[in-house]
Amino acid sequence: MTPKPVVLPKLPTDLDQNRLPQHVAVIMDGNGRWAKQRGLPRIMGHQRGVDALKGLLRCCDDWGIPALTAYAFSTENWGRPLEEVEFLMTLFERVLRRELQEMMAENVQIRFVGNLSSLPPSLQTEISRSMADTCHNTGIQFTIATNYGGRQEIVQACQAIARRVQQGQLQPEQIDESLLEQHLYTQGLVHPDLLIRTSGEMRISNFLLWQLAYAEIYVTPTLWPDFDRTAFHQALLAYQQRERRFGKI
Ligand code: FPP
């Protein structure tokens, strides 16, 4: 049997299929401002933010980008008003429960990264279920950073490695970049080639500090709920114009 040709529906003709990022990371900023501009409560911005994220996931899948990671909740976001934090936790849980079947049907592999053990137990249950149910899927790798902090991720990796040294399983000289990577939450995922941040802020905000070392950064003034296919197309065009040197000349 001849293998089926790879079909990439609707990839805009001005994008080079062979130079697409293999992993896109996104800081979904501007939900609050989007709501405020419309006289709505901030939580409505988060609600609309879910639709934007679903749209981007589908677009990556359609255009042949095999991995997407979204920053949903940082370790610093606990400092927000309690009602907003509670709303977000309930929203994550509700979305997971509602979307899991469709994600399964679309062959999405879901992974959550972050300090998941401090999340509400009912959310942890949905997270575990979504990861277990989709772990053998072979489609797009969709990673959601929740209660995630880049520094915290590196610290927990160091602690895990130190324990192995203490137990005599490892010599300090054996610690190298590849070993540290194996102890990161993102173990097994290729590093993002492109980081997109919406709403104009030019910061990394403790997101994937290790993994973004050589990512191209694209910042757009568009607020996250408005980030659609057209905005993503612009980001990819900008990405394809960059010359990636990885420290060389
Ligand atoms: C930042 O905007 C956005 C967040 C902290 C929450 C992002 C979460 C979602 C879009 C929901 C994703 C859902 C799932 C299931 C993964 P902001 O509130 O800081 O906006 P502002 O800077 O305008 O105030």
Side-chain angles (χ1 to χ4, degrees), residues 24-61 67-104 106 108-116 118-120 122-131 133-134 140-150 185-186 195-208 219-228 231-232:
V24 172
V26 62
I27 300 179
M28 309 180 285
D29 200 9
N31 293 347
R33 275 164 282 174
W34 182 92
K36 195 170 169 213
Q37 283 174 2
R38 288 161 179 77
L40 297 168
R42 289 175 56 80
I43 56 171
M44 292 303 292
H46 298 315
Q47 192 105 44
R48 287 296 289 267
V50 174
D51 298 333
L53 182 56
K54 275 176 64 182
L56 180 60
L57 178 65
R58 175 148 297 135
C59 189
C60 286
D61 201 22
L68 172 69
T69 296
Y71 204 4
F73 194 87
S74 75
T75 45
E76 289 72 35
N77 285 154
W78 294 108
R80 293 186 174 217
L82 183 63
E83 319 82 77
E84 184 170 339
V85 170
E86 283 180 350
F87 177 85
L88 280 168
M89 295 298 150
T90 312
L91 180 70
F92 298 152
E93 197 177 320
R94 197 154 28 98
V95 170
L96 269 183
R97 210 174 290 135
R98 193 180 65 204
E99 304 292 336
L100 185 57
Q101 234 181 335
E102 198 178 326
M103 301 256 200
M104 274 304 285
E106 296 194 7
V108 177
Q109 191 184 120
I110 305 174
R111 179 197 303 219
F112 276 79
V113 294
N115 181 3
L116 306 178
S118 338
L119 295 172
S122 53
L123 174 56
Q124 287 186 48
T125 305
E126 291 304 325
I127 286 176
S128 304
R129 195 202 319 269
S130 67
M131 290 205 287
D133 285 4
T134 65
I140 187 166
Q141 292 182 296
F142 180 36
T143 304
I144 304 154
T146 310
N147 194 21
Y148 175 88
Y185 298 134
T186 52
L195 168 70
I196 298 172
R197 182 166 188 152
T198 54
S199 94
E201 244 72 69
M202 302 209 189
R203 289 189 289 275
I204 292 184
S205 299
N206 205 13
F207 188 39
L208 300 177
V219 176
T220 168
T222 303
L223 303 178
W224 176 251
D226 292 327
F227 191 82
D228 56 11
F232 188 44

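As the structure lists them, so they are numbered: ligands from 1, and atoms in each ligand from 1. On a predicted model such as this, the values are computed, not experimentally measured, just so you know.
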Classify the ring geometry between Phe73 and Phe92 as parallel (under 30°), tilted (30 to 60°) or perpendicular (over 60°).
perpendicular
Could I get the full list of ring-ring contact (aromatic ring centres under 6.0 Å, His included) partners for Phe142, not counting sequence neighbours?
none
Across all chains, not counting sequence neighbours, the ring-ring contact (aromatic ring centres under 6.0 Å, His included) partners of Phe112 are none
Sorted by chain and number, sequence neighbours left out, ring-ring contact (aromatic ring centres under 6.0 Å, His included) with Tyr185 holds for none
Within the 4.0 Å heavy-atom sphere of ligand 1, strictly under, residues
Met28, Asp29, Gly30, Asn31, Gly32, Arg33, Arg42, His46, Gly49, Val50, Leu53, Ala72, Asn77, Arg80, Phe92, Val95, Ile144
Could you go through Ile110 and Ile144, starting from their C-alpha distance and side-chain angles, then the distance that decides it, and tell me whether this counts as side chain to side chain contact (heavy atoms under 4.5 Å, CB included)?
CA-CA 8 Å; Ile110 305 174; Ile144 304 154; 4.2 Å; yes
Crowded around Glu76 CD? As in, over 12 foreign heavy atoms under 6.0 Å?
yes
